[in-house]
Protein chains: 2
Amino acid sequence: MAQRRKRLLSIDAVLDASLASIDATGRLAMADLAERLGVSASSIYHHVSGRAAIIEALRERLVAVIEPPPMDGSDWGEQISRWMVGYRRALAEHPNLIPLLTAQTMTDGSGLLAYEQVAAVLRHAGVPIGEVVLWISVLDAYALGSALDLAAPDDVWRFDRDDLPVLAEAIGAAPVGRKRADAAFALGLEALVAGLRRRLSSGS
Amino acid sequence: MAQRRKRLLSIDAVLDASLASIDATGRLAMADLAERLGVSASSIYHHVSGRAAIIEALRERLVAVIEPPPMDGSDWGEQISRWMVGYRRALAEHPNLIPLLTAQTMTDGSGLLAYEQVAAVLRHAGVPIGEVVLWISVLDAYALGSALDLAAPDDVWRFDRDDLPVLAEAIGAAPVGRKRADAAFALGLEALVAGLRRRLSSGS
DNA sequence: ACCTGAACACCGTTCAAGT
DNA sequence: ACCTGAACACCGTTCAAGT
């Protein structure tokens, strides 16, 4: 009953190594990945169907981590905000992954279950049924856009021209890097929720 | 004085063909591009330094098209909205370009001049100097996120599961495809501006 | 100055051959 | 069932050679 040769790979091992590679290099190359796993590149294809499938699986992993909005009796604005913060935090933990996710369109509805919860919260808040999907789109766009902002280096805001006085002063007075991205996200989220709140109270 | 052999390429021709290729195929392959131009692939490198430079130049072209916010006496919320609509429209004309732009971080501050105008409008509206950059980040994130939403196919919202009742009903009641993306963008933009307006009036 | 073909290093993926 | 090496088609880019 001598045991067979040791199993070298598993889906989870492939995904772990993929994420590590992306975090470290910002790219996902099958050769890199194979080396990281101590395995031939062709071996990987026995566990996943290819590079695109790996990225898609990482997307699913990411959404799975996000806490769904708490369905307790608390204020709906608080619930939505809480969910959005968790959403962005999950993205922010692997900023290099974000461009790979946006380069590839979602194949199956990975985060669909979370959206069901968000839909329920919005509905409960008084959002008309025809607008629920629209608001989910808005929140999703903002979360993803903010995440991309997080992945970008801060050099964008550095320049030496003297024809941009207001911008120059504003940049000097604003936080930098991760702090800027965090503060901006919080500000926009608050505005979005406030805007939705106003719309709901004035509309009904 | 026999004229030299005809000049086959120019930067503009390269950029035009690149955009056409991206619009048609969603990708930018140098071989495709060369064929489109009726030229050898290596010729292209006499006019641009490489693939990344082409994408960066296309980004600059895109921002150049966007109308800066009108600095007339009109309401600042209207000005910001007008600029955002133009921003997104420019992106929406070439949805396939968007993932390429997000995959590559901005090298130089291409749209910086427009940001100066936006900064001036925000400042004029009463946004404190330390928050101007934050609001620009918010607007930028939302415009880019909405554009990505536009580039994604609508299949994301199609599913056949019976454990998502609220979402299913919401999807049935919402517009589809481009119409959904457009309506969502307008809704979120209105909320953002309303939220900012509320913050300014309550803060001062 | 501009264009070319050949070559290079590097991709993701396939597949017959091994255990 | 799982892993391998070799091979394949395809990338972006370089460069000596032509005009």
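Keep in mind the model is a prediction, meaning the values are calculated, not measured.
Residues from residues 15-26 of chain B lying near DNA chain D, meaning a heavy-atom separation below 4.0 Å, are absent.
Here the side chains of A:Val193 and A:Leu196 are not in contact, with every heavy-atom distance at 4.5 Å or above.
Across all strands shown, D:dC8 is found opposite C:dG12 as a Watson-Crick or G-U wobble partner, with both distances under 3.5 Å. Under the Watson-Crick or G-U wobble criterion, with both distances below 3.5 Å, C:dA1 is paired with D:dT19.
The OH-P distance, from B:Tyr45 to D:dT13, rounds to 4 Å in whole Å. Atom CE in A:Met30 sits about 23 Å away from atom P in C:dA9, given to the nearest Å. Rounded to whole Å, atom P of D:dC11 lies 13 Å from atom CD1 of B:Ile44. Here C:dT13 presents its P atom at 8 Å from CZ of A:Arg51, a figure rounded to the nearest Å. Note: CZ (A:Arg7) to C1' (C:dT19) measures 16 Å, nearest angstrom. As a whole-Å value, the separation of A:Ile54 CD1 from C:dT13 P is 8 Å. Rounded to an integer number of Å, the gap from CD of B:Glu56 to C1' of D:dG12 is 17 Å. Between B:Leu33 atom CG and D:dG12 atom P the separation is 9 Å, expressed in whole Å.
Annotation: cation-pi pair B:Arg123/B:Trp76 absent, no NZ/CZ under 6.0 Å from the ring centroid and within 45° of its normal.
With rounding to the nearest 0.5 Å, the separation of CG in A:Leu28 from CG in A:Leu58 is 7.5 Å. Between the CG atom of A:Leu19 and the CG atom of A:Leu62 there is a distance of 9.0 Å, given to the nearest 0.5 Å.
Nearer to the 5' terminus of DNA chain C, by closest-nucleotide assignment, is the contact made by A:Ala31 (compared with the other of A:Ser43 and A:Ala31). Sequence order on DNA chain C of the closest nucleotides to A:Asp32 and A:Ser42 puts A:Asp32 first from the 5' end.
Under a 3.5 Å cut-off, the side chain of B:Arg180 and the backbone N or O of A:Ser137 do not form any donor-acceptor pair. Listed for the A:Gln117 side chain is no donor-acceptor partner under 3.5 Å among the backbone atoms of A:Glu67.
Using a 4.0 Å cut-off, no side-chain N or O of B:His47 falls inside it from OP1 or OP2 of C:dA1. Between B:Arg27 and D:dC11, a side-chain N or O to OP1/OP2 separation shorter than 4.0 Å is present.
Contact annotation for A:Leu28: backbone-only contact, meaning every heavy-atom pair under 4.0 Å involves sugar-phosphate atoms and none involves a base.
The closest side-chain donor-acceptor pair between A:Ser10 and A:Asp12, if any, does not fall under 3.5 angstrom.
Checked by distance alone, B:His46 brings no side-chain donor or acceptor within 3.5 Å of a matching partner on the base of C:dC2.
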